[in-house]
Amino acid sequence: MKTAIIGLGYVGLPLSIQFARSGVTVLGVDIDSTKVEALNAGRSYIKHIAAESIAEVVKAKKFTATSDFRRIKEVEAVIICVPTPLNKNREPDISFIIQTGRSIAPHLQKGTLVVLESTTYPGTTDEDLREVLEAGSGLKAGTDFHLAFSPEREDPGNALSKVEHVPKVIGGFTPACLEKTRALYGHAIKTLVPVSSCRVAEATKLLENIFRGVNIALVNELKLVYGAMGIDVWEVINAAKTKPFGFMPFYPGPGLGGHCIPIDPFYLTWKAREYGQHTRFIELAGEINTAMPEYVVSRTVEALNAQRKPMNGSCVLVLGLAYKPNVDDDRESPSYVLMDLLGQKGADVAYYDPFVPVIRPTREHPHWAGTRSVTWSKETIASFDAIIIATNHQVVNYGELAEWAQCIVDTRNAMNGLAKKPGQVWKA
Ligand SMILES: NC(=O)c1ccc[n+]([C@@H]2O[C@H](COP(=O)([O-])OP(=O)(O)OC[C@H]3O[C@@H](n4cnc5c(N)ncnc54)[C@H](O)[C@@H]3O)[C@@H](O)[C@H]2O)c1
């Protein structure tokens with residue numbers, strides 16, 4: 001069995017390794033030639049994916065990377081894992097999927113299976129992708145080639161979440177497409193969850209991410225409400241989660257980040273309008289979560305004020321640039337929003353993140369590109385008027401932080417029980 005995996009990022013790369021280890025020959029395809037070169041040389045560009053795992057499958061000749069789409073002719077299946085961002089009007093941008101479809105189509109052979117994994121709105125696979133594949137190949141989906149959708153359930157940085165053990169939802173364009181998809185993933189994934197169509201599979205992924213977005217908004221709202229009552233929401237959640245049924249803990253924070261939760265729900269919002277439907281829960285959750293960085297900044301103003309310091313001219317450190325702990329992924333990170341807001345208020349802003357030593361150019365925050373993380377030392381940490389914990393990386397020594405820092409604004413409960421003096425730690 002030989003399969004191509006297109007888009008070798010946070011989703012495509014671990015999936016490639018899992019297929020290759022399961023005995024399937026994988027042709028990894030990416031338009032980014034630096035990634036292709038790195039992979040063929042056995043190097044990794046994602047912190048939590050070990051170079052050794054890549055070198056192992058390259059050496060075993062089970063994995064090769066390329067930018068040459070003509071090689072699609074060689075494979076029996078093509079899995080697409082390209083980005084699905086929002087455009088500047090916060091509408092779905094499926095151009096990466098469409099472009100990939102156009103690049104594959106001329107090389108598509110009869111009988112090949114094409115599976116889309118990128119998170120997207122219902123109808124992308126059987127309408128948008130199908131159209132470009134059929135137009136560019138002259139073949140018919142469901143008759144000449146197979147088509148399916150299977151959402152990725154990647155949890156970067158979670159050592160307990162292994163690709164092969166995470167049940168995988170699969171939906172085919174026809175029953176025969178579903179059977180082909182089952183056979184493909186059966187090589188690499190232990191449990192498959194077949195559903196009746198590509199659209200049901202697409203909608204399942206959106207439900208999963210909307211569920212997170214809405215529940216995070218709920219605890220973010222409760223953080224404000226309970227905070228005003230003098231009740232610590234973290235203590236409440238920790239107590240509530242002892243209930244053995246009917247409750248699942250979600251935690252507040254400085255706002256949503258990453259390539260999924262802040263973005264995917266709005267794929268549904270946009271598509272729902274076509275059907276005259278409104279997604280009020282999603283909009284409200286988005287509003288609450290988007291307001292979190294403002295709230296954190298307002299708490300920092302309060303914390304500085306208590307020390308008789310204005311925000312204007314104060315030195316503020318944002319601790320953690322990645323959007324979640326123990327990863328180096330800074331996409332959509334609320335830390336950038338925090339840094340922008342603090343800067344607008346006249347603060348002298350710096351950041352510390354052991355996994356992001358220097359900020360790479362981003363579309364949303366190009367002005368931070370090239371900025372370097374400060375170093376971790378008593379002298380540096382003590383020099384800041386306030387430190388905002390935006391991400392609770394495990395490698396950070398919070399005991400040292402308590403010893404060295406003047407004032408800490410904690411959005412992650414990382415300082416729980418560690419404060420060295422009254423008024424040093426402000427929850428936000
Ligand atoms: N990151 C996650 O945790 C996660 C989890 C579940 C689902 N997803 C979904 O998976 C999809 C991919 O996300 P990701 O995090 O892996 O993105 P990513 O940016 O890490 O990787 C995407 C890769 O696709 C490549 N690419 C872009 N256009 C291409 C093209 N036309 N042809 C070939 N390669 C191309 C890029 O160079 C990049 O290497 C998205 O739809 C995302 O929503 C992501």
Side-chain angles (χ1 to χ4, degrees), residues 4-18 27-39 44-49 54 65-72 78-86 92-107 114-121 124-125 128-129 132-133 136 149-158 161 163 166-169 201-202 204-213 256-268 322-333 360 362-364:
I5 296 188
I6 304 187
L8 301 170
Y10 285 82
V11 167
L13 187 53
L15 190 68
S16 298
I17 295 170
Q18 176 54 22
L27 179 68
V29 186
D30 204 294
I31 48 171
D32 184 339
S33 56
T34 55
K35 286 185 179 170
V36 168
E37 270 169 39
L39 294 173
S44 179
Y45 40 81
I46 297 178
K47 185 186 87 65
H48 62 272
I49 299 176
I54 297 165
T66 181
S67 294
D68 185 358
F69 278 86
R70 287 172 301 186
R71 295 191 59 190
I72 294 293
V78 180
I79 300 175
I80 304 173
C81 309
V82 295
T84 42
L86 295 173
D93 172 7
I94 62 161
S95 61
F96 295 88
I97 296 177
I98 299 303
Q99 190 46 50
T100 302
R102 289 200 184 112
S103 307
I104 300 171
H107 314 293
V114 179
V115 188
L116 180 62
E117 289 219 7
S118 306
T119 309
T120 185
Y121 53 78
T124 310
T125 309
D128 307 81
L129 179 60
V132 288
L133 290 175
F149 183 83
S150 177
E152 185 47 56
R153 285 170 162 168
E154 180 65 19
D155 187 9
N158 177 354
S161 171
V163 177
V166 178
K168 199 147 183 29
V169 174
E202 289 161 332
T204 304
K205 175 70 186 179
L206 291 180
L207 167 62
E208 292 168 11
N209 285 357
I210 291 164
F211 173 77
R212 277 191 67 72
L256 296 180
H259 184 19
C260 298
I261 315 296
I263 292 174
D264 304 343
F266 297 99
Y267 267 68
L268 185 63
Y323 77 95
K324 70 177 206 171
N326 315 324
V327 300
D328 58 354
D329 189 350
D330 61 347
R331 290 177 295 176
E332 305 284 325
S333 174
R360 289 159 292 204
T362 57
R363 243 185 321 163
E364 300 82 17

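In each ligand, atom 1 is the first atom listed, and ligand 1 is the first ligand listed.
Considering only heavy atoms from C-beta on, Y45 comes within 4.5 Å of L39 through its side chain. Side-chain contact between D155 and K324 is present, with at least one heavy-atom pair separated by less than 4.5 Å.
Within 4.0 Å of ligand 1, counting heavy atoms only, the contacting residues are I6, G7, L8, G9, Y10, V11, D30, I31, D32, K35, F69, C81, V82, P83, T84, F96, T100, S118, T119, E152, E154, P156, K205, H259, C260, R331.
To the nearest 0.5 angstrom, F96 atom CZ is 14.5 Å from I6 atom CD1.
Residues K205 and E152 share a closest heavy-atom pair of NZ-O, 2.7 Å. Closest heavy-atom contact between G9 and P14: O-CD, 3.6 Å.
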Any chance you could lay out the side chain to side chain contact (heavy atoms under 4.5 Å, CB included) test for Y323 and E332, step after step, and finish with the verdict? CA-CA 7 Å; Y323 77 95; E332 305 284 325; over 6 Å; no

